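A, B, ... follow the sequence lines: proteins, then strands. Residue 1 opens every chain. Note that the structure is predicted; figures quoted are calculated from it, not measured.
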Amino acid sequence: MNFLEAIFYYDFLQKALLTSAMVGIICGMIGCFIILRGMALMGDAISHAVLPGVAISYLLGIPFFIGAVVSGVVTAVAIGFISQNSRIKQDISIGIMFTSAFAFGILLITGMKSSTDLYHILFGNVLAVRTADMWATLGIGFVVFLSIVLFYKELLVSSFDKTMAQAYGLPVQWIHYILLVLLTMVTVASLQTVGIILVVAMLITPAATAYLLTDRLWVMLYASALLGVISSVAGLYISFTYNLASGAAIVLVSTLLFLLAFFLAPKQGLIWRRMRTYANTEKGEI
Amino acid sequence: MIPAIQVSELSVSYHGQKAIQRADLIVEKGKLVGIIGPNGAGKSTFVKAMLSLISRDGGTVRFQGKSFKEMRTSIAYVPQRNEIDWDFPITVFDTVLIGTYPTLGFFKNPGKKEKEWARVCLKKVGMEPFSKKQIGELSGGQQQRVFLARALAQKAEILFLDEPFAGVDVASEAAMIALLKELAADGKTILVVHHDLSKATEYFDQLLLLNKKVIGFGDAETVFKRELLRQAYVHPLSFLDQKEMADA
């Protein structure tokens, strides 16, 4: 049975498809702001730091994203606190805090659940998406999408010219933390499709690809979302057809798209850049 | 008449060191003022403290008799070139359009009126033909003109420019100063952090000579005097100076 037939036939595959497409959209959109604000490393850290929160939520029987937001934000605050109150630089502080949070999460999960569950949280298991998970992802997606649409102007100006934003009275520090909260929510939504370890790829790679393709932020947002969806759906197809790990397949499709843009993008692509440089030196010699 | 800017006894610390000590300043409306002084004199710090971007140790700053908070949307700041990410995915036109954001408030996006106004401001600085370009594709002078257009779009009464001529070619610098003079004649009050002493008296109505404190302030010709400049540019306690004096 091929992928298309299977989608009509199997309920679990429909859920997987819908969930991973949604994850592709929200990771792609939030990712644009993550890369434009130079927060790629922070994004990686926060996505790992949700692990203890997920474990504790499971223990308390509350929705995953509540614990995830708490542990993500606590880690972010701790990172800031250490770098502001010692000679430790931010990147070092990130390295210390997120690995600690991650390690703590691993202990919690292996202590109370099986290592299979840990494996699924770390690497995703898209074919096991339950109806409740699907709705949670759609809910988170809606919140993220709405936040970006409503606060587009504020996100744009605070990412582009923080000083001006601050001068005219935008709460730039709050915007930073709200983005971190959205980031933890997106991570939770991505747990089952790509897993904690690879979610950063879904945040950064489609956004970076879109960044090479356009000079307008709103185009970048839509392009990144579209690239996220294409990666998710194509990755799911490959995963189903060849029986491979879904998260890894999705991530590698997005890498392939990035490489295409890196070499072939109309303005920023390596090939055209080289050709322009060559044409210019030719002219220069004559 | 209420002065455009009134600073009294402004003190600022930076990394635990006194950066500005008890600075006083009164600028009348419609003046083009240059802020000059050596590297590390605290010129940018002074401006940032006036705009509440960094915290002060003490002192007050009033704009047209009002607090910064009441006036903040009518005050524009053009940052130093190195504070901007020139690879950011934004066009010249959209950069200028940002100038309309402060008065729009939350949940309202720039409409037809704001876009027309942004276009008028772009025309005023002569950058309209470049409106669809990404900002990194422009020359240094063109980039500064775009940010000036953004300040115009903000309908700001008071403008602060931090080193606007750094990395700008001579022709663009002349065009920009002509534009600034025109704006000042229209009644805008403009403060420019400036590095190069050579044309200071030509460019500005008034000069503020700064080195951790106000060394001199007033009409350009009266401030630009050898004695005052020496006071600002030569650190009186520098070891080498003392040694030179001892040798002489």
Pick one of side chain, backbone, both or neither for A:L170, based on which atoms fall under 4.5 Å of a heavy atom in chain B. side chain

Verdict with supporting geometry, B:Y203 and B:F165, ring pair (Phe, Tyr, Trp, His ring centres under 6.0 Å): CA-CA 12 Å; B:Y203 283 0; B:F165 307 125; 5.7 Å; yes

Can B:F204 and B:H194 be said to form a ring pair (Phe, Tyr, Trp, His ring centres under 6.0 Å), step by step? CA-CA 10 Å; B:F204 304 109; B:H194 189 52; 5.4 Å; yes

So, does B:K43 use its side chain to make a donor-acceptor pair with the main chain of B:G37 at under 3.5 Å? yes

Using the side chain to side chain contact (heavy atoms under 4.5 Å, CB included) rule, pick out the option among B:I75, B:L148, B:V78 that qualifies with B:L159. B:L148

Quick one: list whatever passes ring pair (Phe, Tyr, Trp, His ring centres under 6.0 Å) with B:F88, sequence neighbours left out. A:F160

Would you mind checking which part of B:F147 comes under 4.5 Å of any heavy atom in chain A, side chain (CB onward), backbone (N, CA, C, O), both or neither? side chain

Residue list, side-chain hydrogen bond (donor to acceptor under 3.5 Å, both in side chains) with B:E28, at least two apart or on another chain: none

Report the donor-acceptor contacts between chain B and chain A below 3.5 Å as a table, one pair per row.
from, atom 1, to, atom 2, distance (Å)
B:R72, NE, A:A167, O, 3.1
B:E83, OE1, A:T163, OG1, 3.4
B:D87, O, A:Y211, OH, 3.2
B:P89, O, A:L217, N, 3.1
B:I90, N, A:D215, O, 3.1
B:G105, O, A:K153, NZ, 2.5
B:K108, O, A:K153, NZ, 2.9
B:E137, OE2, A:K267, NZ, 2.6
B:R150, NH1, A:D161, OD2, 3.0
B:R150, NH2, A:D161, OD2, 2.7

Side chain to side chain donor-acceptor pair (under 3.5 Å) between B:S8 and B:D24: does it pass, once the steps are laid out? CA-CA 5 Å; B:S8 347; B:D24 290 316; 4.9 Å; no

Show me the donor-acceptor pairs, under 3.5 Å and distance only, between side chains in residues 117-129 of chain B and residues at least two apart or in other chains.
from, atom 1, to, atom 2, distance (Å)
B:W117, NE1, B:A153, O, 3.0
B:R119, NH1, B:E128, OE2, 3.3

Which atoms of B:I135 approach chain A - backbone, side chain, both or neither, heavy atom under 4.5 Å: side chain

Heavy-atom distance under 4.5 Å to chain A: side chain of B:P102, backbone, both or neither? both

